[in-house]
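All values below were derived from every heavy atom in this structure, side-chain atoms included, with hydrogens, water molecules and symmetry-related copies excluded.
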Amino acid sequence: MMVPLGVLGAGESAQIVGFRRREGGGGPLSCGNGSGRLLHGSRGPGRGRPRDGRPHDGRGQELRLSELGFSPGQTVEVVQSGRGVPFLLKVHDGRMAIDHSVAMEIIVRRKIS
């Protein structure tokens, strides 16, 4: 069964299937305002300029997650989860902490042990 990574508990493992798309681009990993544009500093909505050459239609978030090691087919293990604390995940040979909202954007298939 496919579920968001954010619903898994500590000790559970899963294989990444893909990423949920947000309308308007941007997303929890961007510095934008939901408009799909990445902004410099805190100039406010629509007053910045694109920071890099990444696509700004939701695929930028997928690219950033892939760069961090969260790519489809990759196995992740939840080391720590809970209210008010970041998700601590084992990815490849390292550990990565991500925000709960980011974890809810990553779709996984639970591994049954």
**Student:** So which atom in Val3 and which in Leu8 form the shortest heavy-atom distance, rounded to 0.1 Å?
**Tutor:** CG2-CD2, 4.2 Å
**Student:** According to side-chain contact (heavy atoms from CB on, under 4.5 Å), who are the partners of Thr75, at least two apart in sequence or on a separate chain?
**Tutor:** Lys111
**Student:** Can you get from Leu65 to Ile107 by hopping between Ile, Leu, Val, Met, Phe, Trp and Tyr side chains that sit under 4.5 Å apart?
**Tutor:** no
**Student:** State the CG-CD distance between Leu68 and Gln74, to the nearest 0.5 angstrom.
**Tutor:** 12.0 Å
**Student:** According to the side chain to side chain donor-acceptor pair (under 3.5 Å) rule, which pairs have a member within residues 79-91, sequence neighbours left out?
**Tutor:** none
**Student:** To the closest 0.5 Å, what do you measure between CE (Met104) and CG (Asp99)?
**Tutor:** 11.5 Å
**Student:** Applying the 4.5 Å side-chain criterion to the ILVMFWY set and letting contacts propagate, would Val76 and Met2 be lumped into a single cluster?
**Tutor:** no
**Student:** Kindly compute the distance separating CG (Leu88) from CD (Glu77), expressed to the nearest 0.5 Å.
**Tutor:** 10.0 Å
**Student:** Measure across Phe70 and Phe19 and return the closest heavy-atom pair with its distance rounded to 0.1 Å.
**Tutor:** O-CZ, 2.8 Å
**Student:** Does Val17 share a hydrophobic cluster with Met1, counting links as ILVMFWY side-chain heavy atoms below 4.5 Å and allowing steps through other members?
**Tutor:** no
**Student:** Going by salt bridge (Lys or Arg N to Asp or Glu O under 4.0 Å), name the residues that satisfy it together with Arg95, two or more places apart in sequence or in a different chain.
**Tutor:** none
**Student:** Rounded at 0.5 Å granularity, tell me how far CD1 in Ile112 sits from OG in Ser13.
**Tutor:** 12.0 Å
**Student:** So, does Glu12 use its side chain to make a donor-acceptor pair with the main chain of Gly9 at under 3.5 Å?
**Tutor:** yes
**Student:** OG/Ser101 to CZ/Phe87 distance, rounded to the nearest 0.5 angstrom?
**Tutor:** 10.5 Å
**Student:** Side chains of Leu89 and Val79, heavy atoms from C-beta outward: is any pair under 4.5 Å?
**Tutor:** no
**Student:** Measure the spacing between CG of Leu5 and CZ of Arg110 and express it to the nearest 0.5 Å.
**Tutor:** 10.0 Å
